[in-house]
Structure formats: C-alpha cells, structure tokens
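All remarks here apply to the structure that follows.
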Amino acid sequence: MIDWATWQPSQRATLLFILREEKILLIHKLRGFGAGKINGPGGKIDPGETALDAALRETFEELDIMPLGAVERGQLHFQFRDGYSLHCAVFVAFDFLGQPRATDEAIPFWVALDQIPYERMWADDRHWLPFLIQGAHFDGYFEFDGEQVLEHQLIVRQRNPEKTAAADSKSG
C-alpha cells in the first residue's frame, strides 16, 4: 500500500484539455511517454517553470495553439510498479488562439463528449476525465503495473469551493 502522504514523484508534468461546443480536443500522441495513446496535450514541467506555464508551452509545441484562460482542475498522482512516479497537474480551457495542427509530437482531433475513446487512453482517464468535463476539481491517486490500474482513489470536489467549505465545516 502506498503512503500517499509521504509519496514524492520522480517527475512532474501537466495535461491540458480544451472544451468547446460539447466537444473535447484530444491528441494521438506520437512520441514520448504514452506514445500511441489518446490523451490531452501536455508534458514535463521544466526547471523554473510553473505547471500552468508548462501546460501552455506543451500545448503550443504539440498543437501550435495557445489556450486562453486555462485553469487548474486536478492533481493526479501515479506510482508505477517499475518505480517510476509522476505528479500531473490537469488544466482546462474553453478558448484558444490559432488552429490546431499536427506536429511531429501529436495529431489533434475533436470528439463529442459522449464519444471519448477511453479504450485508447490511459486506464485512469475514465475515472477522472468525466469530472473535469463536469467542472469539478479533483485529486486522483493511481497505482499502475505497466498499463493496468491496480489501485485507485479519486477525491472529487464541488464546482463551488464555498459550498464545499460550508459542507466540510458542518460535518466536523
């Protein structure tokens, strides 16, 4: 059992999803970690970079677009049996500058929210992506063996932080 309270990632990364008109912009990843899978644009956080800066830079590098008004919605924690560990900040945006285009890193495509190809994505995505789409904030904890999720926990927060704080204070 992983002690998530003391867990430290070996790498930090980001994901950024763009939602527009009941569709989501996804990518077919061509190289690097997760090559061959469907995901959102993202990647490693460089030294001195904030998670938001990294998410914007990676989206521009992979799709040649600049997201506008991106906000953080989630924190994902991944521990792999081979020892690799990853912390990923997840962002969402509803607008962008430019036109998504294929690069040597990714091929972008729009898909209806009710047709997301979870079977071609990482196994954890089906657990938290619907909450991102609904506007929730979340923390996910996943233990993987290769591409298989062994254990997971998802903590979902309400859209309105004031309501969550009020509910929490009443339960104590």
Side-chain angles (χ1 to χ4, degrees), residues 1-4 7-20 22-46 49 51-52 54-63 65 67 70-93 96 100 102-157:
M1 189 76 164
I2 298 167
D3 180 0
W4 293 106
W7 175 87
Q8 290 293 316
S10 55
Q11 191 156 67
R12 296 189 182 275
T14 65
L15 284 170
L16 190 147
F17 293 88
I18 296 175
L19 300 174
R20 184 186 267 185
E22 299 300 311
K23 292 185 177 179
I24 188 168
L25 182 60
L26 297 175
I27 63 168
H28 180 113
K29 191 156 174 60
L30 298 177
R31 65 180 190 196
F33 187 69
K37 292 198 175 296
I38 302 298
N39 210 335
K44 298 175 193 169
I45 299 174
D46 288 339
E49 207 174 28
L52 177 58
L56 298 175
R57 174 185 52 76
E58 287 283 351
T59 302
F60 185 76
E61 288 175 2
E62 292 180 2
L63 302 180
I65 60 172
V71 293
E72 187 176 313
R73 286 279 180 78
Q75 299 284 322
L76 299 174
H77 309 79
F78 300 103
Q79 181 62 56
F80 290 81
R81 281 281 169 96
D82 68 4
Y84 180 66
S85 55
L86 176 69
H87 174 266
C88 186
V90 183
F91 294 85
V92 67
F96 58 91
T103 65
D104 55 356
E105 292 191 47
I107 300 169
F109 64 98
W110 290 97
V111 64
L113 294 177
D114 62 356
Q115 296 178 7
I116 295 172
Y118 288 111
E119 69 282 355
R120 297 179 60 206
M121 301 172 80
W122 282 99
D124 60 284
D125 293 0
R126 68 182 66 249
H127 297 286
W128 58 265
L129 189 55
F131 291 104
L132 174 113
I133 292 166
Q134 294 167 14
H137 294 254
F138 55 89
D139 293 297
Y141 302 87
F142 298 88
E143 183 180 3
F144 273 85
D145 186 4
E147 295 188 10
Q148 181 182 353
V149 173
L150 300 175
E151 302 276 337
H152 78 278
Q153 179 183 16
L154 187 66
I155 301 167
V156 179
R157 301 181 193 339

For the residue pair [X] and [Y], what are the closest heavy atoms and their distance?
| X | Y | value |
| --- | --- | --- |
| G40 | L15 | O-CD2, 3.4 Å |
| P130 | D125 | CD-O, 3.8 Å |
| M121 | L129 | CE-CD2, 3.9 Å |
| P100 | W110 | CG-NE1, 4.4 Å |
| T14 | A51 | CG2-O, 3.2 Å |
| F96 | P67 | CB-CA, 3.8 Å |

>> Assess the residue pair D104 and R31 against the criterion (side-chain contact (heavy atoms from CB on, under 4.5 Å)); give the C-alpha distance rounded to whole Å, side-chain angles, the decisive distance to 0.1 Å, and a yes or no.
In response: CA-CA 8 Å; D104 55 356; R31 65 180 190 196; 3.5 Å; yes

With rounding to the nearest 0.5 Å, note down the distance linking [atom1] in [X] to [atom2] in [Y].
| X | Y | atom1 | atom2 | value |
| --- | --- | --- | --- | --- |
| R57 | L52 | CZ | CG | 11.5 Å |
| I65 | I18 | CD1 | CD1 | 3.5 Å |
| H127 | H152 | NE2 | NE2 | 4.0 Å |
| K44 | E49 | NZ | CD | 12.5 Å |
| D46 | E58 | CG | CD | 7.5 Å |
| R120 | K37 | CZ | NZ | 10.0 Å |

Considering only heavy atoms from C-beta outward, does the side chain of [X] approach that of [Y] to under 4.5 Å?
| X | Y | result |
| --- | --- | --- |
| R157 | D139 | yes |
| I38 | F109 | yes |
| T59 | F17 | no |
| E72 | H137 | no |
| F131 | L154 | yes |

Are the side chain of [X] and the backbone N or O of [Y] linked by a donor-acceptor pair below 3.5 Å?
| X | Y | value |
| --- | --- | --- |
| T103 | L63 | no |
| S85 | Q79 | no |
| R73 | L132 | yes |

>> If you apply the rule side-chain contact (heavy atoms from CB on, under 4.5 Å), what do you find for R81 with E143, and how did you get there?
In response: CA-CA 7 Å; R81 281 281 169 96; E143 183 180 3; 2.9 Å; yes

>> Can you confirm whether or not the ring centre of W122 sits under 6.0 Å from the ring centre of F144?
In response: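 W122 vs F144: aromatic centres under 6.0 Å.
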
>> So for atom NZ, which belongs to K23, do other residues, nucleotides or ligands contribute more than 12 heavy atoms lying within a distance under 6.0 Å?
In response: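 Atom NZ in K23 is not packed in, count stays at 12 or less.
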
> Can you check side-chain contact (heavy atoms from CB on, under 4.5 Å) on E151 and I2, steps first, answer last?
Replying inline: CA-CA 10 Å; E151 302 276 337; I2 298 167; over 6 Å; no

> Between V71 and V92, is a side-chain contact (heavy atoms from CB on, under 4.5 Å) present by the stated rule, with each step listed?
Replying inline: CA-CA 6 Å; V71 293; V92 67; 3.7 Å; yes

> Can you name the one residue among D114, L113, I133 that meets side chain to side chain contact (heavy atoms under 4.5 Å, CB included) with E22?
Replying inline: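 Only one option passes, and that is L113.
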
>> H77 and ring pair (Phe, Tyr, Trp, His ring centres under 6.0 Å): which single residue from F138, W128, W7, F142 fits?
In response: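 Of the listed residues F138, W128, W7, F142, the ring pair (Phe, Tyr, Trp, His ring centres under 6.0 Å) partner of H77 is W7.
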
